[in-house]
Amino acid sequence: MKTPFELDWMGGAAEHYFRKTRPGTAQLPWGTLDPSRYEPVAVAYARSAWTDSVINEYRAIISFSEMARALLDVRAPLDLIGMASDFLGDECAHAEMASRLAMELGGALERNIDVECFTPRPRGLTAMQGASELVLRISCIEEAFSVGVMTASMQATTHPLPRAVYEAILRDESHHSRLGGLYFEWALSRIDEAELTRLGRVLLSALQDIRFLWNPDPRLATVKAPWGEINALGWLEPMRFAEVARGVVAKEILDPLATIGIGIEEGERATLLGTGAVVSDG
């Protein structure tokens with residue numbers, strides 16, 4: 001059931017502890033963004049996009065909680081479990097930063113969400129299959145995709161506040177996407193060929209679900225908007241985002257996973273990327 005998306009903050013002892021573990025947030029250049037210096041349509045676009053960013057970061061909190069439990073169930077190495085568990089705090093900090101940025105732009109927009117649909121919860125699988133699927137979806141796909149497109153957005157951002165928020169988030173996200181490689185370094189000796197094939201099907205399905213991100217409506221290319229100001233506030237124009245996203249999927253998701261035996265067919269790759277040909281570094 002969908003309900004209004006809202007965040008709360010307790011303060012006091014909870015905030016004191018959280019700030020000790022994530023001390024950098026308070027030092028970002030809050031209070032430096034004046035929405036009146038930008039066109040209203042640019043501010044509205046940025047408010048909407050940063051609102052969605054808050055929701056995505058909250059979704060990541062739920063996702064990593066599911067992953068941490070799956071790693072416990074499969075009795076993964078203790079330090080790997082600790083690493084994944086620590087990411088929950090990272091994502092809480094990211095949700096706070098994105099929320100505060102939205103407030104500096106005039107406030108988040110109203111959104112209704114269904115948290116039950118926020119993250120995959122594999123059913124009918126062994127503990128090992130469930131853990132592998134969650135790590136694949138969350139770390140190897142979602143977090144890798146996030147790092148790639150966020151890096152491009154940061155590079156286009158000229159205002160110091162959204163740039164600082166991106167830099168802070170990316171310092172964490174790079175570790176989040178690396179966890180997948182570490183997990184499969186441990187898990188591959190416990191996975192047979194049939195499971196690698198199944199994970200390849202999971203990979204294809206997960207990417208097909210987000211294919212719209214790099215195959216937007218072509219009419220968006222003709223939309224007139226103050227894209228320079230929108231870039232400054234942290235967001236890429238749709239066609240530029242699509243170009244970046246397609247490259248990230250090819251080079252940061254499909255290529256690395258293929259090296260460990262989790263892959264899709266060449267024809268499927270070409271169709272997925274919408275290029276009519278296989279994308280390759282070579």
Side-chain angles (χ1 to χ4, degrees), residues 17-25 56-96 115 118-148 150-151 168-207 248-249 251-264:
Y17 180 84
F18 187 62
R19 290 282 180 251
K20 284 178 63 178
T21 62
R22 301 294 187 284
T25 302
N56 287 334
E57 298 295 350
Y58 195 83
R59 178 183 290 111
I61 301 170
I62 298 174
S63 293
F64 276 113
S65 69
E66 292 286 331
M67 182 194 292
R69 176 54 191 263
L71 293 176
L72 284 165
D73 288 344
V74 80
R75 293 187 291 280
L78 190 60
D79 48 356
L80 191 66
I81 295 170
M83 182 181 182
S85 300
D86 192 54
F87 294 166
L88 294 172
D90 291 344
E91 299 295 358
C92 288
H94 301 171
E96 180 202 356
V115 294
F118 260 19
T119 192
R121 294 181 171 90
R123 298 290 185 264
L125 302 176
T126 67
M128 193 71 190
Q129 289 173 327
S132 296
E133 182 166 328
L134 281 172
V135 172
L136 175 66
R137 287 180 178 273
I138 296 167
S139 181
C140 301
I141 300 174
E142 294 175 7
E143 293 295 306
F145 185 83
S146 177
V147 168
M150 197 178 296
T151 298
I169 292 176
L170 281 166
R171 280 194 294 270
D172 298 330
E173 297 286 357
S174 61
H175 299 294
H176 298 184
S177 59
R178 188 181 177 211
L179 181 139
L182 296 174
Y183 168 82
F184 282 109
E185 182 180 323
W186 168 77
L188 279 178
S189 63
R190 299 164 172 82
I191 293 176
D192 60 21
E193 287 298 322
E195 175 62 359
L196 288 175
T197 299
R198 187 189 75 85
L199 290 173
R201 298 299 88 194
V202 172
L203 169 64
L204 178 61
S205 175
L207 291 176
V248 169
V249 170
K251 298 178 182 179
E252 307 300 329
I253 298 176
L254 291 175
D255 288 351
L257 286 169
T259 66
I260 62 171
I262 300 175
I264 62 178

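- Separation of atoms CE (M67) and NE2 (H176) is listed at 9.5 Å; rounding is to 0.5 Å.
- Annotation: side chain of D172 is not in contact with side chain of F87 (no heavy-atom distance under 4.5 Å).
- Taking the side chain as every heavy atom from C-beta outward, E91 and E173 approach each other to under 4.5 Å.
- At least one donor-acceptor pair under 3.5 Å links the side chain of S85 to the backbone N or O of I81.
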Output, in order, the C-alpha distance, side-chain angles, deciding distance and verdict of side chain to side chain contact (heavy atoms under 4.5 Å, CB included) for E133 and R198.
CA-CA 9 Å; E133 182 166 328; R198 187 189 75 85; 2.7 Å; yes
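- Within the 3.5 Å criterion, the main-chain N or O of Q129 finds no donor-acceptor partner in the side chain of S132.
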For a side chain to side chain contact (heavy atoms under 4.5 Å, CB included) check, start with the C-alpha distance between L254 and L203, then their side-chain angles and the critical distance, and finish with the verdict.
CA-CA 9 Å; L254 291 175; L203 169 64; 3.9 Å; yes
Can you check side chain to side chain contact (heavy atoms under 4.5 Å, CB included) on E57 and I169, steps first, answer last?
CA-CA 10 Å; E57 298 295 350; I169 292 176; 4.2 Å; yes
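- Smallest separation of non-hydrogen atoms from F18 and A93: CZ-N, 3.6 Å.
- A distance of 6.5 Å separates CD of E195 from OG1 of T126, quoted to the nearest 0.5 Å.
- Side chain of T151 to backbone of V147: a donor-acceptor contact under 3.5 angstrom is found.
- Taking both residues in full, the closest heavy atoms of S63 and I138 are given as O-CD1, 3.3 Å, listed atom of the first, atom of the second, then distance.
- For the pair L134/L71, no side-chain contact is recorded, criterion being any heavy-atom separation below 4.5 Å from C-beta on.
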Side chain to side chain contact (heavy atoms under 4.5 Å, CB included) between R121 and I62, intermediate numbers included
CA-CA 11 Å; R121 294 181 171 90; I62 298 174; 3.8 Å; yes
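- Scanning all heavy atoms of the two residues, the minimum distance from L196 to G261 falls at CB-O, 3.7 Å.
- Looking at S139, its side chain never comes within 3.5 Å of a backbone N or O of L136 through a donor-acceptor pair.
- Expressed to the nearest 0.5 Å, how far CG of L207 lies from CG of L257 amounts to 8.5 Å.
- Enclosure of atom CZ in R178 is not indicated, since only 12 or fewer non-hydrogen atoms of other residues, nucleotides or ligands lie within 6.0 angstrom.
- Here the CD atom belonging to E143 is positioned 13.5 Å from the CD atom belonging to E252, to the nearest 0.5 angstrom.
- Here the CG atom belonging to D90 is positioned 10.5 Å from the CD1 atom belonging to I61, to the nearest 0.5 angstrom.
- Residues L182 and M83 are in side-chain contact: their nearest non-hydrogen atoms beyond the backbone lie under 4.5 Å apart.
- Taking each heavy atom of C140 and F184 in turn, the nearest pair found is SG-CE1, 3.9 Å.
- In this structure, T197 OG1 and D192 CG are separated by 8.5 Å, a value rounded to the nearest 0.5 Å.
- With a 6.0 Å radius and a threshold of 12 heavy atoms from other residues, nucleotides or ligands, Y58 has its OH atom at or below the threshold.
- Under a cut-off of 6.0 angstrom, the local environment of CZ in R201 is crowded, with over 12 non-hydrogen atoms contributed by other residues, nucleotides or ligands.
- A76 and L80 get closest at one heavy-atom pair: CB-CD2, 4.4 Å.
- When all heavy atoms of G200 and I264 are compared, the pair lying nearest together is O-CG2, 3.6 Å.
- Between F118 and E66 the shortest side-chain heavy-atom distance does not fall below 4.5 Å.
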